[in-house]
Structures are given as C-alpha cells and as structure tokens.
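Only one structure is covered here, and it is reproduced in the block below.
First listed ligand is number 1; within each ligand, the first listed atom is number 1.
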Amino acid sequence: ASLVTVLFHLGEMATATQSLDEDTFAALGAELGYRIEIVSPEDEDKELLEDFGLDLEAELAAETDDDLEARPPVVTVMGHVDHGKTRLLDAIRKADVVSGEAGGITQHIGAYQVRREHEGTTRAITFIDTPGHEAFTAMRARGARVTDVAILVVAADDGVMPQTIEALNHAQAANVPIVVAVNKIDKEGANPGKIRQQLTEYNLVAEEYGGETIFVDVSATKGLNIQELLDAVLLTADAGLDLRANPNKDARGVAVEAHLDRGRGPVATVLVQSGTLRVGDAIVAGTAYGRVRAMFNEYDELVEEALPARPVMVIGLTSVPRAGDSFLVADDDRTARQIAEKREAADRAASLAKRRKRISLEDLTKAIEEGKVDTLNLIIKGDVSGAVEALEDALLAIDVGDSVDLRVIHRGVGAVTQNDVNLATVDNAIIIGFNVRPAERVQELADREGVDMRFYSVIYRALEDVEAALKGMLKPEY
Ligand code: GDP
C-alpha cells in the first residue's frame, strides 16, 4: 500500500495489483532513490551475444554501401480463412519462370523463392509458405523481422472479414507495406470494386482511387494475374524499401520452420537475412546448435551456400529450434554450443521469474492478505460431466467470506489440455482435474508457465484443499 501512496504523490492513481508502464517505474524508482532499469529479453540476449564478441546491431551499422548488395523481398500471405491464401501460394509456386522448365517446386520446406522477369531483369521473390498472420505474429513476438511485403488476400465474393482486418492491423503495426490480392474474381457475384471501397476505411486506398496501395484482381485457382501480382510486390518493394544486405560475412537470419525428422534428426528451414550460410558452418538457432551437415532448397536439391533472402532446409542441428528463433553462424562449434547453453540457462531463469507471478493454492492466502488477489479463478476438468458439475457446485458452495471471489472460468470433460493451461496462464487460474490426467506434454507446459494443476479422485479432497487454501491452512506439497 505504501508504494501506492508514493505513486499517488507522483500524480499516478494506481491499485496494488495494477501493472505500471516503464516511465512510471522509472519515476517511482527515482522517488525512492533507486535507478530502475528494465531489461527486455531482447536486450538480455544482446548482452549475452556481446559476451561472445557478437554485436549484430553494430555489425549492421558498420556496413557501408560497398558492402551491400540487392536482395530479394520476403513476402507473407495473409487474410481471412478460406479466402484462398493456400491456393494463392500454390499458384505463385507454379508461376516460377525457372521451375516451369525444371519440373517445379517439389518440397514444402516452409519458404520458397520464385523468379519473375521484371522490367528486363530476372528478379527473385521469397515467400513464407505458412499462410496467415499467426506465424507472422509468432515470429514478431520473438523479435524477428522477416516480412518485407505482405499480400493481403480478400475473396471478392465474400469481402472484408474479421481476420482480414486483424491481418492488416498486424502488417500496419509492423510497418510492413501491403499489396492487396482481390481473389476469386472468376466467381459469380465477385465484386472487386466493393473490396477497394471497404478497404479505404483501413487506410488502404487503391492507386486508381488516388491512394498508394496496389490492388490486383486475381484468381488463385485459375492462375489469373499471378504475374501481375508478383510485379506489384516488386513495385511496392522498390518504392519504399531498401532491400540490401551484406553477403560477405557469416550468416545471420531466422528459423521459419523446424521439426524432428525420423531419419535425419532435427531439420530446420532457415531464412538467411544477411551474410552467406555454407555447409560446414557452426550455427546456433535459439537454443539449438550444431554444424550444417547438408542444405536443401525447395527443389530438394543439395546446395552448398545460401545468400540473403534465401530459405534453405538445414540438417545438422542437435535439437529443434522454434519458428521465429534467430540463428547465426559462430566462429566454431564450441562457441555455438556455449551460446546455446547460455540461452538455455537464461530461458530457465526467465520462466522461473514468470512462474513466481502466477497464483498457486499455496501462496493464495498470502496473496489475499496482501490484497494482491480478490478472485480465485478455477478451471475444472473431469472424466464425466456429472462429476464436473458436482465438483463445480461443491466448490462454489464453499464459504469464502468476503475476502475473495471464487469463479469457475472454464469446465469440461476430458484430459487437461494445452488450451486449458494457456487459459490458466492468461486468467491466472488454478486447474483442478477429477479422475483425469494431463494430456501429453501438458504438464511440461504447466511447469514452464507456473500454472498450478491439481488432480483428485475424491471430490471432498479437492474441496478440502481449496477451502484450506482460502483459509491459509494448506500444507505445502512435496
Ligand atoms: P485459405 O484458408 O485462405 O488458405 O484458403 P484456401 O486456399 O484453402 O481456399 C479456400 C477455398 O476457396 C478452397 O476451396 C479453394 O478451392 C477456393 N478458392 C481459392 N481461390 C479461389 C479462386 O481464385 N477461385 C475460386 N473459384 N475458388 C477459389
């Protein structure tokens, strides 16, 4: 409560449970005689790399015009479900001038490059092969900036839909220019003019209406105007973006997809953003490391090196990185391993810190006393619906006094799932399982997120625990 008072004197009205922004924290620190520094995970990783003599920002800043060479744009396709993102990616893949002769792109590796004759030269464009803004957002959440241009697909027979708006919001928030593909113009009832009209509301004004956004009417299934769409991407990229990178250094980039292959072990598709990646390089991607044993392109051909904006599937990592993890080439195997291990340790520390913030039955009473919680959120899972209902009724009937509000935010029949844990993370809830166990890998997730999960096969034991926790008498579990 005293912090709240100090804040009040600083002109900030806050409650004890409220989160504060960085400026307020700094002001609060100054008032109390401390200098408060907020270290983001990105900054932390930056410092970690600096300990190995790697300062990626300084490296980029030191590059001169002589070092930089043109690179292809990297494109993500976004839009509402069923508006044709997947079909459009297929159509673009087929439109590649080079693969047209060689038999076509055969492998889905998570990204591919096509070439287009454009104003007298052959230009390459890289496409991220996972449609939708979820992948885009997941990568951004890890600090990866991958996409140069977004293609927003809108079906002409359906119009602007919720995910259309979500996608364009994401692209605009990331300052990524948008090309609109008005799809399904082959369909009866298609109204491409209406799409242009609708999108003006979102600051996407078509060139023909005096705006700056290129709209291309296409049909993904009929392969109509795909070349024009590629031209629009190149025009948009050339208009506002400086797409250059230094190919003459160790590679740096992002993992766009990764999985465990039965025969080949961990397999990751990485997108080189600068430098050149070569077979034999020691690399580290997130907390995975290894040596590039072999690289494949989207034609399933072995390649020896990969230049900026080129996606390649890499074999030789010792574990599977996450999509959006950045990767870099280190001086040697040992350095790569050490960076990975340090990151692993930092991740653990961060997840411990995160865990402390979540509520558990054990710390409930203290939290209530300190005024930190006034609601206990519960998620109930059970083997049969009768049991779930009975448990819910019984729990809600507990006399909790007026110190705290007991709420069941979700209930269901079946094992505890990842979704339940995610919900518990967001709403700071405790999960009660009755005659069920967590689904595979769910316990791991709960541990990582610090979610308290408890399992019972007798209803009154569950009641006892919750009641005891509310009264501050729960014995710690060992
Ligand atoms: P996504 O969910 O955005 O990836 O959409 P899909 O690419 O899976 O397409 C959804 C449906 O729309 C599929 O049945 C496609 O065959 C259909 N579709 C996609 N593009 C076109 C098009 O240009 N014309 C027509 N008539 N149908 C299309």
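- Of all non-hydrogen atoms in Y202 and Q172, the two that sit nearest each other are O-NE2, 3.1 Å.
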**Request:** Output, in order, the C-alpha distance, side-chain angles, deciding distance and verdict of side-chain contact (heavy atoms from CB on, under 4.5 Å) for V74 and L271.
**Result:** CA-CA 9 Å; V74 179; L271 179 73; 4.0 Å; yes
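- For H80, every heavy-atom contact with ligand 1 shorter than 4.0 Å involves the backbone, none the side chain.
- Residue contacts with ligand 1 for N183 involve side-chain atoms from C-beta outward but no N, CA, C or O (heavy atoms, distance under 4.0 Å).
- Ligand 1 has no N or O atom lying under 3.5 Å from any N or O atom of I185, backbone or side chain.
- In this structure a side-chain-to-backbone donor-acceptor pair under 3.5 Å is present from N297 to D300.
- Seen from the ring of Y289, R343 does not count as a face-on cation partner, given the 6.0 Å and 45° thresholds.
- In terms of polar-atom proximity, K222 is not counted as a contact of ligand 1, lacking any N or O under 3.5 Å from an N or O of the ligand.
- The ligand atoms of ligand 1 that sit less than 4.0 angstrom from a heavy atom of D82 are 1 (P), 2 (O), 3 (O), 5 (O), 10 (C), 12 (O).
- Taking a cut-off of under 4.0 Å to the non-hydrogen atoms of K187, the atoms of ligand 1 that pass are 26 (N).
- The pair K249-E63 meets the salt-bridge criterion, since a charged nitrogen lies less than 4.0 angstrom from a carboxylate oxygen.
- Remark: R291 does not engage D281 in a salt bridge, criterion side-chain N to carboxylate O under 4.0 Å.
- Ranked by closest heavy atom to atom 15 (C) of ligand 1, the top entry among H83, E188, R87 is R87.
- Here is the list of ligand 1 atoms found below 4.0 Å of a heavy atom in D186: 22 (C), 23 (O), 24 (N), 25 (C), 26 (N).
- Residue-level proximity to ligand 1 for K184 is carried by backbone and side chain together, each with a heavy atom below 4.0 angstrom.
- Backbone and side-chain nitrogen or oxygen atoms of V81 are examined, and none is located within less than 3.5 angstrom of a nitrogen or oxygen of ligand 1.
- Here side-chain hydrogen bond (donor to acceptor under 3.5 Å, both in side chains) pairs that include residues 203-214, with residues two or more places apart or in two chains, are R196-E208.
- Relative to the six-membered ring of F127, R93 misses at least one condition, a distance below 6.0 Å or an angle of at most 45° to the axis.
- If you look at T221 next to ligand 1, the close heavy atoms, those under 4.0 Å, come from the backbone and the side chain alike.
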